[in-house]
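Only one structure is covered here, and it is reproduced in the block below.
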Amino acid sequence: MGRIWSDQNRFQQWLEVELAASEALAELGVVPQDAARLLRTHATFDVDRIHAIEREVKHDVIAFTTAVAETMAKAGHADVSRWLHYGLTSNDVVDTAQDLLIQQASKLLLDALDTLRTVLRHRALEFQHTVQVGRTHGVHAEPITFGLKFAIWYEEAGRNRTRLAAAAEDLRVGKTNGAVGTFAHIGPEVEERICARLNLKPAPVTSQVIQRDRHAAFVSALALVAALCEKIALEVRHLQRTEVREAEEYFSKGQKGSSAMPHKRNPVTCEQICGLARVVRSNVQAAFENIALWHERDISHSSVERVILPDSTVLADYLLDKTINLVDRMIVYPDRMRRNLELTRGLIFSGQLLLDLAAAGMLREHAYRVVQVHAMRAWEQESDFRAAIEADPEIRAVLTQEQIAESFSLDRQLRNVDHIFERVFGPPASTTA
């Protein structure tokens, strides 16, 4: 990803736009065929030379075209360089080439999202029936399976992939319609040919720039990718707490967690992911600020994009790589999950008990009061909730011992997990033949 945003590759994409333009113009008889051919054969550049010229002229595109013209002169074709950048304005080259860079970056990110989905699916199926307590507000709620967490992340990663692919496709556009977007110097048919050579679509209408709502949508899609990475990492951070210890990030041999406390195994990768996701998210604000420019264009967006587009794509790529590794190598403790689920001695079944009492004929409001009295006593005294329920004559008057046991059944609570998995992943392979 860093190579994509290097000066070498950025200027190379500028050159690709310039060469596509000269060749399209040659097809239409505006530029001599030999000139286009010689430009394609001999036009090149030296990054250091471009920077040296820019320090003098204070204009990056002029520095670029000057440096390319020098290489044509060295090749013995100085006169041909007059057909370089013919009919174009700076942003015809810069905006179009930037979208080529975004396509390259998007390919890496979409591939990484595919890999993340693969490891999430693998671990979801691995823990499909691994029982865990679900938590709302950080407090024990009702039983789930650990695999459901991965299934949720898997499906969200799919939505993120769809959004990112759509945002990248929305930016697969070019423009060569001049200083104010009117095709004053070269016509729409040239732009169509140029874009076709670059595997881009002509933007239907622009000012001097491609409109920045497209870029804001792209950075927003990156922020949503980063938010998913953070979401996964934050969950692992909570599960790695000593009091919980249901899962933890991989801790390598020889790794040290603290300079002062040799026992520490800290979720440092998860914390890095959570921290860096904030940076990507903050770049969305800058991308939205770039949408409104003065009239047909000012330059306030340009300096911003030189930071936020490389940074956001590099960080998204890094976060995806870290998250893939986190998920793939995560250490899971099913026995601890089971012990934590049983900590409250049946409290997590209070909701099912309430429903069963109502179904058996007890008014819901009264049933809620009866169950809550026992629940609060069990909570405060750390006593056995199920035993208290079984000993309550008012409850035993409407529910049999077998019905109470069914109210506290894990299998009953989790009977639809396989159906959820089929919704997300499709039928199991063994049933698709």
Side-chain angles (χ1 to χ4, degrees), residues 124 127-153 231-232 234-248 265 267 270 330-421:
F127 299 112
Q128 181 172 348
H129 298 113
T130 301
V131 178
Q132 181 186 35
V133 68
R135 298 170 172 92
T136 58
H137 306 276
V139 179
H140 285 200
E142 292 186 337
I144 61 170
T145 74
F146 194 42
L148 283 170
K149 290 185 185 290
F150 292 98
I152 288 170
W153 299 333
K231 182 178 187 175
I232 296 170
L234 185 65
E235 181 69 20
V236 177
R237 287 173 64 191
H238 281 301
L239 296 179
Q240 189 165 334
R241 286 178 299 158
T242 308
E243 296 81 359
V244 180
R245 204 174 175 226
E246 295 180 0
E248 64 181 350
R265 290 164 67 112
C270 293
M330 187 188 305
I331 303 167
V332 180
Y333 301 104
D335 291 343
R336 183 60 176 251
M337 290 179 179
R338 191 67 178 241
R339 289 202 302 273
N340 285 344
L341 180 139
E342 295 170 352
L343 272 177
T344 57
R345 301 183 181 184
L347 274 180
I348 58 175
F349 297 100
S350 70
Q352 187 62 61
L353 178 63
L354 170 64
L355 293 176
D356 291 344
L357 287 171
M362 189 179 288
L363 290 177
R364 190 181 192 282
E365 292 78 8
H366 182 64
Y368 194 103
R369 286 195 295 272
V370 171
V371 173
Q372 190 180 40
V373 166
H374 287 295
M376 293 302 100
R377 184 179 297 124
W379 181 279
E380 293 163 3
Q381 299 177 5
E382 297 187 14
S383 57
D384 192 316
F385 175 69
R386 179 171 178 173
I389 294 300
E390 291 174 339
D392 187 312
E394 188 173 9
I395 292 175
R396 291 302 300 272
V398 295
L399 293 179
T400 67
Q401 183 70 27
E402 291 74 18
Q403 288 173 320
I404 292 175
E406 187 66 10
S407 297
F408 287 82
S409 168
L410 264 176
D411 289 341
R412 184 184 182 191
Q413 289 283 308
L414 300 174
R415 65 190 182 278
N416 289 312
V417 167
D418 288 349
H419 179 74
I420 296 170
F421 268 65

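With hydrogens and angles disregarded, no donor-acceptor distance shorter than 3.5 Å links the side chain of S409 to the backbone of A405. In terms of modelled atom types and a separation under 3.5 Å, the side chain of R338 and the main chain of D335 share no donor-acceptor contact.
Going from atom CG of L399 over to atom CD of E390 covers 11.0 Å, rounded to the nearest 0.5 Å. The CG atom of L357 lies 7.5 Å from the CD1 atom of I389; values are rounded to the nearest 0.5 Å. One distance of note links CG of L347 with CG of L353; it measures 11.0 Å at 0.5 Å rounding.
M362 is not listed as a side-chain neighbour of V371, based on a closest heavy-atom distance of 4.5 Å or more. Within the 4.5 Å cutoff, no side-chain heavy atoms of V332 are placed close to those of L239. Using a 4.5 Å cut-off on side-chain heavy atoms (C-beta onward), V131 and M337 make no contact. By the 4.5 Å heavy-atom criterion applied to side chains, L354 and Q372 are not counted as neighbours. Looking at heavy atoms from C-beta onward, E402 lies out of side-chain contact with E406 at the 4.5 angstrom threshold.
Screening residues 348-380 for ring-ring contact (aromatic ring centres under 6.0 Å, His included), with sequence neighbours left out, gives F349-F408. Applying the side chain to side chain donor-acceptor pair (under 3.5 Å) test to every pair with at least one member in residues 139-150, sequence neighbours left out, gives these pairs: K149-E235.
Taking every heavy atom of both residues into account, I144 and L148 meet most closely at CB-CD1, 4.3 Å. Residues A124 and F421 come closest through the heavy atom pair O-CE2, 3.3 Å. Listed here is the closest heavy atom pair of E243 and R336: O-NH2, 3.4 Å. Heavy atoms only, all atoms of each residue included: V417 and Q128 are closest at CG1-O, 3.6 Å. Residues P143 and Q413 share a closest heavy-atom pair of CD-OE1, 3.7 Å. When all heavy atoms of F385 and A378 are compared, the pair lying nearest together is CB-CB, 3.9 Å.
Within a 6.0 Å radius of CD in E382, other residues, nucleotides and ligands contribute 12 heavy atoms or fewer.
Among the candidates R237, H238, R245, the single residue satisfying the side chain to side chain contact (heavy atoms under 4.5 Å, CB included) test with R241 is H238.
Ion pair R369/E365 not flagged as a salt bridge, since none of the NZ, NE, NH1 or NH2 atoms sits closer than 4.0 Å to an Asp/Glu carboxylate oxygen. R135 and E246 are joined by a salt bridge, as a carboxylate oxygen and a charged side-chain nitrogen come within less than 4.0 angstrom of each other.
Residues passing the salt bridge (charged side-chain N to carboxylate O under 4.0 Å, His left out) test with R412, sequence neighbours excluded: D356.
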Checklist entry - Does the side chain to side chain contact (heavy atoms under 4.5 Å, CB included) test come out yes or no for I232 and F150, once each step is laid out? => result CA-CA 9 Å; I232 296 170; F150 292 98; over 6 Å; no
Next on the checklist: Applying side chain to side chain donor-acceptor pair (under 3.5 Å) to N340 and Q132, what does each step give before you reach the verdict?
Outcome noted: CA-CA 8 Å; N340 285 344; Q132 181 186 35; over 6 Å; no
